[in-house]
Amino acid sequence: MTRLFASAFFCFALFATQLSFAQEAQFPLVKGFGGIFEVPEASERPDGTLDYYILIDMTTAADDNAQVSRWVDNIARMMNLHGLAGVSKDRMHVKVVIHGGAIATVMSNEVYQKRYNSDNPNIPVFKALEEAGVEVLVCGQSLRARNLQKSDLYEGVNVALSAMTTVTTYAPKGYTILKF
């Protein structure tokens, strides 16, 4: 009986330990997208007292056009990771410039539907990013090269002259460039 009790106690303790490690995804800055998890043992974390200036240079297309692009979701994850560490929304200065194969992620539902037989699953993520203060830009050169117009994009995205000039404008201003 003692051995049975000890085995049951061990199994219960193991189960309780596993429950304590199970976490729900968190969304501190971008609501509903880019879920992240607390890592209590992390000794390297963003500094909540700093302002972060980040320009994301996004060229990579989605793996599956019927699903949210992992690259778009990574923008939300990056925002949420900073938020989890105590960086407030007003200290996050994030711009995303989209060009190349990533252009599809900013197409309107109508244009996306014609090309991929699906609504654009990225629009809700971009809208949530914008609510968190992110500015979304698309390269005007990439638009023209693909015979697209601003009216072919979801409402809210802004057009830049080019991705290259956007990078060269913000890099000297101290923005960290992340390539997605």
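Distance check: Met164 CE to Asp57 CG gives 10.5 Å after rounding to the nearest 0.5 Å. Rounding to the nearest 0.5 angstrom, the gap separating the CZ atom in Phe37 from the CG atom in Leu81 is 10.5 Å. Note: Ser88 OG to Leu29 CG = 8.0 Å, rounded to the nearest 0.5 Å. For the atom pair Ile36 CD1 and Gln23 CD, the distance stands at 9.0 Å (nearest 0.5 Å). Between atom OG of residue Ser108 and atom CG of residue Leu148 there is a gap of 9.5 Å, rounded to the nearest 0.5 Å.
Side-chain heavy atoms closer than 4.5 Å link hydrophobic residues (I, L, V, M, F, W, Y) into clusters, and following such links, even through other members, never connects Leu50 to Tyr170. Side-chain heavy atoms closer than 4.5 Å link hydrophobic residues (I, L, V, M, F, W, Y) into clusters, and following such links, possibly through other members, connects Val68 to Val106. Under a hydrophobic clustering in which Ile, Leu, Val, Met, Phe, Trp and Tyr are joined whenever their side-chain heavy atoms come within less than 4.5 Å, directly or via other members, Val136 and Leu153 fall into the same cluster. Linking Ile, Leu, Val, Met, Phe, Trp and Tyr residues whenever their side-chain heavy atoms come within less than 4.5 Å leaves Val97 and Trp71 in two separate clusters. The same ILVMFWY cluster, assembled from side-chain heavy atoms under 4.5 Å apart, contains both Tyr112 and Val96.
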* After noting the C-alpha distance and the side-chain angles of Met58 and Leu178, does the key distance pass the side-chain contact (heavy atoms from CB on, under 4.5 Å) rule? -> CA-CA 8 Å; Met58 190 171 119; Leu178 299 179; over 6 Å; no
* To do: Tell me, with the steps shown, if Glu38 and Arg45 meet salt bridge (Lys or Arg N to Asp or Glu O under 4.0 Å).
  => CA-CA 11 Å; Glu38 179 58 82; Arg45 304 171 73 81; 3.0 Å; yes
* side-chain contact (heavy atoms from CB on, under 4.5 Å) between Ile54 and His93, intermediate numbers included -> CA-CA 6 Å; Ile54 302 166; His93 312 277; over 6 Å; no
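Taking all atoms of both residues into account, the shortest heavy-atom contact from Ser162 to Cys139 is CA-SG, 3.6 Å. When all heavy atoms of Gly100 and Ser142 are compared, the pair lying nearest together is N-OG, 3.3 Å. Contact between Asp51 and Asp90 at its shortest, heavy atoms only, is OD2-O, 4.0 Å. In this structure, Gly101 and Ala61 approach most closely via the heavy-atom pair O-CB, 3.4 Å. When all heavy atoms of Ala25 and Gly35 are compared, the closest pair comes out as CB-CA, 4.0 Å. Across all non-hydrogen atoms, the minimal contact from Leu137 to Glu135 is CD2-OE2, 3.4 Å.
Leu143 has its side chain out of reach of Gln149: every pair of non-hydrogen atoms, C-beta onward, lies at least 4.5 Å apart. Residues Phe180 and Thr60 fail the side-chain proximity criterion, which asks for heavy atoms closer than 4.5 Å. For the pair Val134 and Met92, the minimum side-chain heavy-atom distance is 4.5 Å or more. In this structure the side chain of Tyr154 never reaches within 4.5 angstrom of the side chain of Asn109, judged on heavy atoms. Side-chain contact check for Leu84 versus Gln26: some heavy-atom pair is nearer than 4.5 Å. Considering only heavy atoms from C-beta on, Val87 stays 4.5 Å or farther from Met79 through its side chain. Using a 4.5 Å heavy-atom threshold, the side chains of Val167 and Leu55 count as touching. Annotation: side chain of Phe126 is in contact with side chain of Ile98 (closest heavy-atom distance under 4.5 Å).
Using a distance-only test at 3.5 Å, with no hydrogens or angles considered, a donor-acceptor pair links the side chain of Asn80 to the main chain of Val30. A donor-acceptor contact shorter than 3.5 Å links the side chain of Asn120 to the backbone of Met107. Counting only distance, with no hydrogens or angles, the side chain of Gln141 and the backbone of Leu161 share a donor-acceptor pair below 3.5 Å. Counting only distance, with no hydrogens or angles, the side chain of Lys150 and the backbone of Val157 share a donor-acceptor pair below 3.5 Å. Between the Lys89 side chain and the Glu131 main chain, a donor and an acceptor come within less than 3.5 Å of each other.
Ring pair Tyr53/Tyr175 is perpendicular by interplanar angle, where above 60° counts as perpendicular and below 30° as parallel.
A side-chain donor-acceptor contact under 3.5 Å links Asn74 and Arg77. Thr59 and Lys179 form a side-chain donor-acceptor contact under 3.5 Å, judged by distance and modelled atom types alone. Using modelled atom types and a 3.5 Å distance limit, the side chains of Asp119 and Gln113 yield a donor-acceptor pair. With 3.5 Å as the limit, one finds no donor-acceptor pair spanning the side chains of Thr165 and Thr168.
For Phe27 and Phe33, the gap between ring centers reaches or exceeds 6.0 Å. Residues Tyr52 and His82 place their aromatic rings such that the two centres sit under 6.0 Å apart.
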